[in-house]
Q: 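If you scroll down you'll find the structure; I have some questions about it.
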Amino acid sequence: VKAYVGGIDYKYFKYDHVTQARRQVGSTFKPFLYALAMQEGEYTPCTTVPNISYNIEMPDGTFWEPRDAGKTMFGEEVTLKWALAHSNNRISTYLMKQFGPEAVIQMARRMGVTSDIDAVPSICLGVCDISLYEMVGAMSTFANQGVYIKPIFITKIEDKNGNVIEYFETEQEEAMDEVTAYKMIELMKGVVQSGTGVRLKYKYGLRNPIAGKTGTTQNQSDGWFMGITPDLTTGIWTGAEDRAVHFRTIGLGQGSNMALPVWGIYMNKIYADSSLKISKGDFPKPLSDVALEFDCELYEQEQSQKNQVVAEEGISPKGNAQKNLRTAMAFAEDFTGGNLLLYGDSGTGKTFLCNCIAKDVLERGKTVLYLTAGQLFRQLEEMRFHRDEEEEVKDWDNELLEADLLIIDDLGTEFATMFTASELFRIVNDRKLRKKPVVISTNLDLDDLKNKQIQYLHLLFLPNTL
């Protein structure tokens with residue numbers, strides 16, 4: 001431990017806010033959840049997730065569904081790097097739904113957190129009380145290549161002649177592998193590069209590699225900032241001993257206003273003192289090869305190019321794919337033939353077949369409403385927000401039901417959580433009553449589809465590769 005401020009003035013306030021006080025940590029808890037996703041799931045900082053509302057069923061049958069303060073990029077696909085940088089609650093709920101609170105708590109334990117944490121979904125938003133001492137030790141794990149090193153205050157004791165009387169060694173535990181730790185550093189760099197910590201760059205002139213995370217708690221009672229550089233991890237908490245003392249507005253009381261400025265001023269003073277030997281260099285890369293792209297814009301371009309190649313190769317499908325195409329075209333010629341389910345893994349040509357069907361129907365003067373699953377979810381979500389505007393809802397229902405053919409493309413697991421059975425059942429069966437078919441392409445497990453209570457007259461399995 002290089003520096004330690006436990007309170008305002010020990011003469012008057014004999015209470016240590018570093019080791020004794022435990023306060024709600026807010027969004028500074030989210031790195032535990034993201035670290036679990038990076039370690040145990042097939043996630044990278046550039047993995048995209050739909051930025052829609054998610055809910056988690058509670059033991060009593062109710063549903064927990066947190067909200068975000070803003071609507072930025074709502075309904076769009078966002079990267080995990082963007083989500084953490086902007087402290088997005090929806091994506092945290094999505095990840096919590098994938099892994100569960102117990103696994104997140106175990107990750108926090110491996111990173112040195114010993115405070116009591118209830119195994120409830122809301123911990124992903126930081127409702128638990130943890131000490132600043134624990135949080136700084138935990139965040140240091142990312143800079144230490146995944147090894148948790150318990151912070152200690154004394155390394156050795158010498159007598160007046162310089163003879164060492166006692167050495168002290170700290171506890172260490174490998175909390176995660178070095179690649180996961182590096183992923184987290186890259187994720188948390190996004191907070192400072194373009195997220196809630198961006199003012200460190202433009203207001204405090206700190207443009208060197210910095211990983212960080214802001215945190216704000218209920219009623220703006222606590223403000224946090226965790227700042228990580230290769231040589232130094234520092235945690236800042238601001239608040240009052242009485243939690244009833246708080247800022248009136250989130251604009252004034254958020255961690256980026258309460259705690260981050262302290263860190264910015266403090267680090268500028270540190271960098272100005274060369275005797276401290278705190279560098280402005282970048283974080284070391286893992287010894288093992290990291291075959292990942294952390295520039296998410298470049299990553300999206302590469303993925304788009306790969307998808308384009310798949311689409312171009314799919315223009316002249318052969319073998320089983322040709323058989324699939326003939327089946328799809330036969331369906332397109334018969335508008336009373338019921339519904340079609342295109343079932344196959346990623347890369348099997350589902351979207352290509354949807355496009356072929358749509359093109360054939362349009363060429364015969366029919367109308368097609370072609371929606372990706374994400375577009376349909378966004379529209380349904382908008383309808384939930386505008387239930388009072390009956391005309392708008394009616395117009396959408398008419399558009400949904402009256403098109404000669406409805407295509408819902410790419411119904412994946414990430415969207416199925418929000419697409420309720422009743423909504424899908426209503427859409428398909430209302431269209432069936434009007435003899436209006438629907439095509440759905442999906443990689444969902446068939447049991448999941450059965451749970452949606454939808455009967456398909458045509459089930460088309462796609463081969464593993466186009």
Q: The criterion is side chain to side chain contact (heavy atoms under 4.5 Å, CB included); which residues satisfy it with Ala181, sequence neighbours excluded?
A: Met176
Q: Tell me yes or no: between the side chains of Thr155 and Tyr167, is some donor less than 3.5 Å from an acceptor?
A: no
Q: For residues Pro101 and Val120, determine if any side-chain heavy atom of one lies less than 4.5 Å from a side-chain heavy atom of the other.
A: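 Heavy-atom side-chain distance check fails, nothing below 4.5 Å.
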Q: For Val113 versus Ala138, what's the shortest heavy-atom pair and its separation?
A: CG2-CB, 4.4 Å
Q: If we ignore hydrogens and angles and just use 3.5 Å, is the side chain of His246 paired with the main-chain N or O of Asn219 as donor and acceptor?
A: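 Yes: the side chain of His246 pairs with the backbone of Asn219.
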Q: Consider ring-ring contact (aromatic ring centres under 6.0 Å, His included). Of Tyr204, Phe225, Trp237, Trp224, which one does Trp263 pass it with?
A: Phe225
Q: So Thr114 and Glu134, side-chain hydrogen bond (donor to acceptor under 3.5 Å, both in side chains) or not? Walk me through it.
A: CA-CA 8 Å; Thr114 58; Glu134 293 170 276; 3.1 Å; yes
Q: Whether the side chain of Gln145 engages the backbone of Ala143 through a donor-acceptor N/O pair (distance < 3.5 Å, no angle test) should be reported.
A: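 Side chain of Gln145 to backbone of Ala143, a donor-acceptor pair under 3.5 Å: yes, one is there.
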Q: Judged by atom type as modelled, is there a donor-acceptor pair below 3.5 Å linking the side chain of Gln24 to the main-chain atoms of Val127?
A: yes
Q: How far does CD of Glu102 sit from CD1 of Ile123, to the nearest 0.5 angstrom?
A: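 The CD1 atom of Ile123 is 8.0 Å from CD of Glu102, to the nearest 0.5 Å.
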Q: Do you know which of Thr48, Thr47, Asn51 makes side chain to side chain donor-acceptor pair (under 3.5 Å) with Glu77?
A: Thr48
Q: Does one side chain, of Asp273 or Ser275, offer a donor that lies under 3.5 Å from an acceptor on the other?
A: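 Per modelled atom types, Asp273 and Ser275 side chains form a pair under 3.5 Å.
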Q: Just by distance, no angles: are the side chains of Thr19 and Asp16 close enough, under 3.5 Å, to form a donor-acceptor pair?
A: yes
Q: Quick one: are Ile157 and Phe168 in side-chain contact, heavy atoms under 4.5 Å?
A: yes
Q: Quick check against the 3.5 Å criterion: does Glu166 have a side-chain atom that pairs as donor or acceptor with the backbone of Lys156?
A: no
Q: Keeping Tyr133 on the side-chain end and Pro151 on the backbone end, is there a donor-acceptor pair under 3.5 Å?
A: yes
Q: So, taking the atom named CD1 in Ile236 and the one named OG1 in Thr214, what distance separates them when rounded to the nearest 0.5 Å?
A: 13.5 Å
Q: When you check the side-chain N and O atoms of Ser115 and Arg22, is any donor under 3.5 Å from an acceptor?
A: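 Judged by distance alone, the side chains do pair up.
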Q: Under 6.0 Å from the ring centre and within 45 degrees of the ring axis: does the NZ or CZ of Lys14 meet both conditions for the six-membered ring of Tyr10?
A: yes
Q: Charged N to carboxylate O below 4.0 Å: is that the case for Lys189 and Asp282?
A: yes
Q: So do Met267 and Leu232 actually touch side chain to side chain, heavy atoms under 4.5 Å?
A: yes
Q: Is the shortest heavy-atom distance from the side chain of Val198 to the side chain of Lys201 under 4.5 Å?
A: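 Side chain of Val198 against side chain of Lys201, heavy atoms only: contact under 4.5 Å found.
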Q: Rounded to the nearest 0.5 Å, how far does CD1 of Ile408 lie from CD1 of Ile440?
A: 4.5 Å
Q: Given 3.5 Å as the limit, does a donor-acceptor pair link the side chain of Asp159 with the main chain of Asn163, or not?
A: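 Indeed, once roles are kept as given, a pair shorter than 3.5 Å links the two residues.
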Q: Tabulate below the donor-acceptor pairs under 3.5 Å that side-chain atoms of residues 206-213 make, not counting sequence neighbours, or state none.
A:
unit_1 : atom_1 : unit_2 : atom_2 : d
Asn208 : ND2    : Tyr271 : OH     : 2.9
Lys213 : NZ     : Ser87  : OG     : 3.0

Q: Run the salt-bridge test on Arg243 and Asp129 with the 4.0 Å N-O cut-off and return the result as yes or no.
A: yes
Q: Taking side chain as C-beta onward, heavy atoms only, is Met226 less than 4.5 Å from Val136?
A: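 Contact flag for Met226/Val136 side chains = yes.
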Q: Would you call Pro261 and Lys203 a side-chain contact if the rule is heavy atoms closer than 4.5 Å?
A: no
Q: Can you tell me if Ser92 uses its side chain to pair, donor with acceptor, with the backbone of Asn88 under 3.5 Å?
A: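 Yes: the side chain of Ser92 pairs with the backbone of Asn88.
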Q: Is any side-chain heavy atom of Met58 less than 4.5 Å from a side-chain heavy atom of Pro121?
A: yes
Q: Which atoms form the tightest heavy-atom contact between Ala175 and Thr141, and what is the distance?
A: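 Looks like CB-CG2, 3.9 Å.
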Q: Taking side chain to side chain contact (heavy atoms under 4.5 Å, CB included) as the test, write out the residues that go with Gln106, two or more places apart.
A: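 With sequence neighbours excluded, Gln106 shows a side chain to side chain contact (heavy atoms under 4.5 Å, CB included) to Arg110, given in chain and number order.
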Q: Any side-chain to backbone donor/acceptor pair from Asp9 onto Lys11? Under 3.5 Å, distance only.
A: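 Present.
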Q: When the ring centroid of Tyr182 is compared with that of Phe142, is the distance short of 6.0 Å?
A: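 Judged by ring-centre distance (under 6.0 Å), Tyr182 and Phe142 do not meet the cut-off.
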Q: Do you know which two heavy atoms are closest between Leu80 and Thr44, and how far apart they sit?
A: CD1-O, 3.7 Å
Q: So, Asn257 versus Arg199: side-chain donor-acceptor pair below 3.5 Å or not?
A: yes
Q: Roughly how far apart are Met111 CE and Asn144 CG, rounded to 0.5 Å?
A: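 One finds 10.5 Å between CE of Met111 and CG of Asn144.
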Q: May I have the step-by-step check of side chain to side chain contact (heavy atoms under 4.5 Å, CB included) for Glu76 and Trp82, ending in yes or no?
A: CA-CA 12 Å; Glu76 300 180 38; Trp82 182 93; over 6 Å; no
Q: Heavy atoms only: give me the nearest Ala35-Thr180 pair and the separation to one decimal.
A: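 Where Ala35 meets Thr180 most closely, the heavy atoms are O-CG2, 3.7 Å.
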Q: To the nearest 0.5 Å, how far apart are CD1 in Ile52 and CD1 in Ile91?
A: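 Here the interatomic distance stands at 8.0 Å.
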Q: Run Leu371 and Asp409 through side chain to side chain contact (heavy atoms under 4.5 Å, CB included) and show every step you take.
A: CA-CA 6 Å; Leu371 298 168; Asp409 187 19; over 6 Å; no
Q: Atom CD in Gln172, atom CD1 in Ile149: separation rounded to 0.5 Å?
A: 4.5 Å
Q: Is there a donor-acceptor contact under 3.5 Å from the side chain of Lys183 to the main chain of Tyr43?
A: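 Confirmed, Lys183 side chain pairs with Tyr43 backbone.
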Q: Does this structure show an ion pair linking Asp222 with Arg23, if we count only N-O contacts that are shorter than 4.0 Å?
A: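 Salt bridge between Asp222 and Arg23, a charged N being under 4.0 Å from a carboxylate O: yes.
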Q: Do Tyr54 and Asn89 meet the criterion of a side-chain donor-acceptor pair at a distance under 3.5 Å?
A: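 There is no such pair (donor and acceptor under 3.5 Å, judged by atom type) between the side chains of Tyr54 and Asn89.
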Q: Looking only at heavy atoms, what is the nearest atom pair of Leu33 and Cys124, with distance?
A: CD2-CB, 3.7 Å
Q: Lys81 vs Met188, test: side chain to side chain contact (heavy atoms under 4.5 Å, CB included). Steps then yes/no.
A: CA-CA 8 Å; Lys81 189 172 185 178; Met188 296 174 72; over 6 Å; no
Q: Side chains of Thr62 and Asp60: is there a donor and an acceptor less than 3.5 Å apart?
A: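 Judged by distance alone, the side chains do pair up.
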Q: For a 4.5 angstrom cut-off between non-hydrogen side-chain atoms, does Ile56 reach Thr93?
A: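 Yes, side chains in contact.
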Q: Considering all heavy atoms of both residues, which atom of Leu84 and which atom of Val191 are nearest to each other, and what is their separation?
A: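 Nearest pair, atom of Leu84 first, then Val191: O-CG2, 3.9 Å.
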Q: Between Thr216 and Gly255 (side chain of the first, backbone of the second, donor and acceptor by atom type, cut-off under 3.5 Å), is there such a pair?
A: yes
